[in-house]
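All values below were derived from every heavy atom in this structure, side-chain atoms included, with hydrogens, water molecules and symmetry-related copies excluded.
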Amino acid sequence: MQSKATTPEQYLAELPEDRKEAFLKLRNAIKDNLPKGFEEVIGYGMLGYIVPHSIYPTGYHCNTKLPLPFINLASQKNFVALYHMGIYGDKNLTDWFVAEYPKHVKTKIDIGKGCIRFKKMDDIPFEFIGELATKISVEDWISIYEHNWKSRTK
């Protein structure tokens with residue numbers, strides 16, 4: 001379910017009322033804790049946090065005209081999704097997240113490779129997601145990304 005919004009404000013205005021408060025709180029948890037250098041944009045029809053070309057001119061390998069994606073946040077049909085590329089690309093971060101998650105939420109984690117799904121807005125661990133956002137700097141993300149991408153292309 002991709003939005004046609006072209007700005008973060010437009011995306012937020014389109015949110016269903018029953019998700020708006022939780023989604024805004026989740027967005028703020030991310031924005032308030034992301035290390036300096038990431039920018040908020042619309043990417044792939046979702047709210048995105050990227051490494052801009054001014055910091056990483058190479059861009060994303062799938063389409064170098066696009067900036068390097070890091071986190072996306074989306075209101076999907078049946079859940080709110082947090083796509084965190086650091087969880088996908090860094091096993092230590094994944095292990096930390098999966099081990100710590102039950103300390104913050106009573107329900108079982110619903111996670112894919114880099115996608116965390118929240119079906120109930122009351123189950124979103126806002127402070128914990130804020131802590132997750134602090135874990136990788138722009139420089140660290142570029143290093144993780146390059147290590148993973150270059151190891152695949154050899």
Side-chain angles (χ1 to χ4, degrees), residues 1-3 5 8 11-12 15 19 22-76 78-121 123-154:
M1 198 165 94
Q2 285 191 342
S3 169
Y11 185 90
L12 296 169
L15 290 171
R19 292 189 183 178
F23 196 95
L24 289 171
K25 196 171 177 181
L26 183 56
R27 174 197 185 215
N28 289 338
I30 293 167
K31 281 184 66 169
D32 293 348
N33 289 286
L34 268 178
K36 185 178 179 184
F38 292 105
E39 288 183 9
E40 184 179 60
V41 298
I42 292 295
Y44 305 99
M46 302 177 269
L47 206 53
Y49 301 91
I50 53 93
V51 179
H53 280 107
S54 60
I55 294 174
Y56 190 66
T58 306
Y60 189 40
H61 71 273
C62 294
N63 180 349
T64 57
K65 292 179 182 176
L66 295 175
L68 180 61
F70 180 53
I71 294 175
N72 283 83
L73 189 56
S75 178
Q76 303 291 8
N78 297 313
F79 53 87
V80 167
L82 172 67
Y83 300 91
H84 193 291
M85 296 303 290
I87 286 179
Y88 181 71
D90 182 351
K91 183 177 177 347
N92 291 330
L93 184 63
T94 306
D95 292 345
W96 169 83
F97 186 81
V98 170
E100 291 294 314
Y101 189 87
K103 298 175 186 176
H104 301 273
V105 181
K106 291 182 170 102
T107 57
K108 184 180 174 194
I109 190 170
D110 186 354
I111 188 169
K113 289 185 179 182
C115 177
I116 305 139
R117 292 171 287 276
F118 300 105
K119 292 179 181 160
K120 295 181 181 174
M121 301 304 99
D123 290 340
I124 300 174
F126 302 106
E127 287 182 27
F128 182 54
I129 297 301
E131 184 179 355
L132 172 64
T134 70
K135 296 289 186 183
I136 297 180
S137 68
V138 167
E139 295 79 14
D140 292 339
W141 174 230
I142 291 169
S143 178
I144 291 165
Y145 170 77
E146 287 184 343
H147 171 78
N148 287 330
W149 173 244
K150 288 179 181 174
S151 70
R152 288 183 182 170
T153 58
K154 287 183 180 179

For the atom pair CD (Glu131) and NZ (Lys135), what is the distance rounded to the nearest 0.5 Å? 5.0 Å

Do Tyr88 and Tyr83 make a side-chain contact, defined as non-hydrogen atoms from C-beta onward lying under 4.5 Å apart? no

Measuring from Ile136:CD1 to Leu34:CG, what's the distance to the nearest 0.5 Å? 10.5 Å

Flag side-chain contact, heavy atom, 4.5 Å: Ile124 against Leu82: no

Is there a side-chain contact (heavy atoms from CB on, under 4.5 Å) between Leu47 and Leu12? Walk through the geometry before answering. CA-CA 9 Å; Leu47 206 53; Leu12 296 169; 4.2 Å; yes

Trp149 and His61 aromatic ring geometry - parallel, tilted or perpendicular at 30°/60° bounds: parallel

Taking the side chain as everything from C-beta on, heavy atoms only, tell me whether Arg27 gets closer than 4.5 Å to Glu40. yes

Can you find a heavy atom in the side chain of Ile42 that is under 4.5 Å from one in the side chain of Pro8? yes

Got Met121 and Phe23 here, is their nearest side-chain heavy-atom distance under 4.5 Å? no

Value for OH (Tyr101) from CG (Asp110), rounded to nearest 0.5 Å, stands at 8.0 Å

Donor-acceptor check, side chain of His53 to backbone of Thr58, threshold 3.5 angstrom: yes or no? no

Determine whether Asp90 and Trp141 make a side-chain contact, defined as any pair of heavy atoms from C-beta on separated by less than 4.5 Å. no

Taking all atoms of both residues into account, what is the closest heavy-atom pair of Pro102 and Ala99, and its distance? CD-O, 3.4 Å

Nearest heavy-atom neighbours spanning Pro52 and Pro67: CA-CB, 4.2 Å

Can you tell me if Asn33 uses its side chain to pair, donor with acceptor, with the backbone of Ala29 under 3.5 Å? yes

side-chain contact (heavy atoms from CB on, under 4.5 Å) between Leu26 and Phe126, intermediate numbers included: CA-CA 6 Å; Leu26 183 56; Phe126 302 106; 4.0 Å; yes

His104 meets the ring pair (Phe, Tyr, Trp, His ring centres under 6.0 Å) criterion, sequence neighbours left out, with Phe128

Does Lys36 form a side-chain contact (heavy atoms from CB on, under 4.5 Å) with Val138? I'd like the steps, not just the answer. CA-CA 7 Å; Lys36 185 178 179 184; Val138 167; over 6 Å; no

Mark yes or no for whether Asp32, through its side chain, and Gly130, through its backbone, hold a donor-acceptor pair below 3.5 Å. no

Can you list the steps and then say if Phe97 with Ile111 is a side-chain contact (heavy atoms from CB on, under 4.5 Å)? CA-CA 10 Å; Phe97 186 81; Ile111 188 169; 4.2 Å; yes

For Tyr11 and Ala74 the tightest heavy-atom approach is OH-CA, 3.3 Å

So CD1 of Ile50 and CE of Met85: to nearest 0.5 Å the spacing works out to 13.5 Å

Nearest atoms (heavy-atom pairs only) where Gln76 meets Ala81: CG-CB, 4.1 Å

Angle class for the Phe38/Phe70 ring planes (parallel below 30°, perpendicular above 60°, tilted otherwise)? parallel

Could you check whether any side-chain heavy atom of Phe118 comes within less than 4.5 Å of a side-chain heavy atom of Arg19, counting everything from C-beta outward? no

Is the shortest heavy-atom distance from the side chain of Ile55 to the side chain of Ile142 under 4.5 Å? yes

Looking at Ile87, is its backbone amide N or carbonyl O close enough to the side chain of Thr94 to form a donor-acceptor pair, meaning the two atoms are under 3.5 Å apart? yes

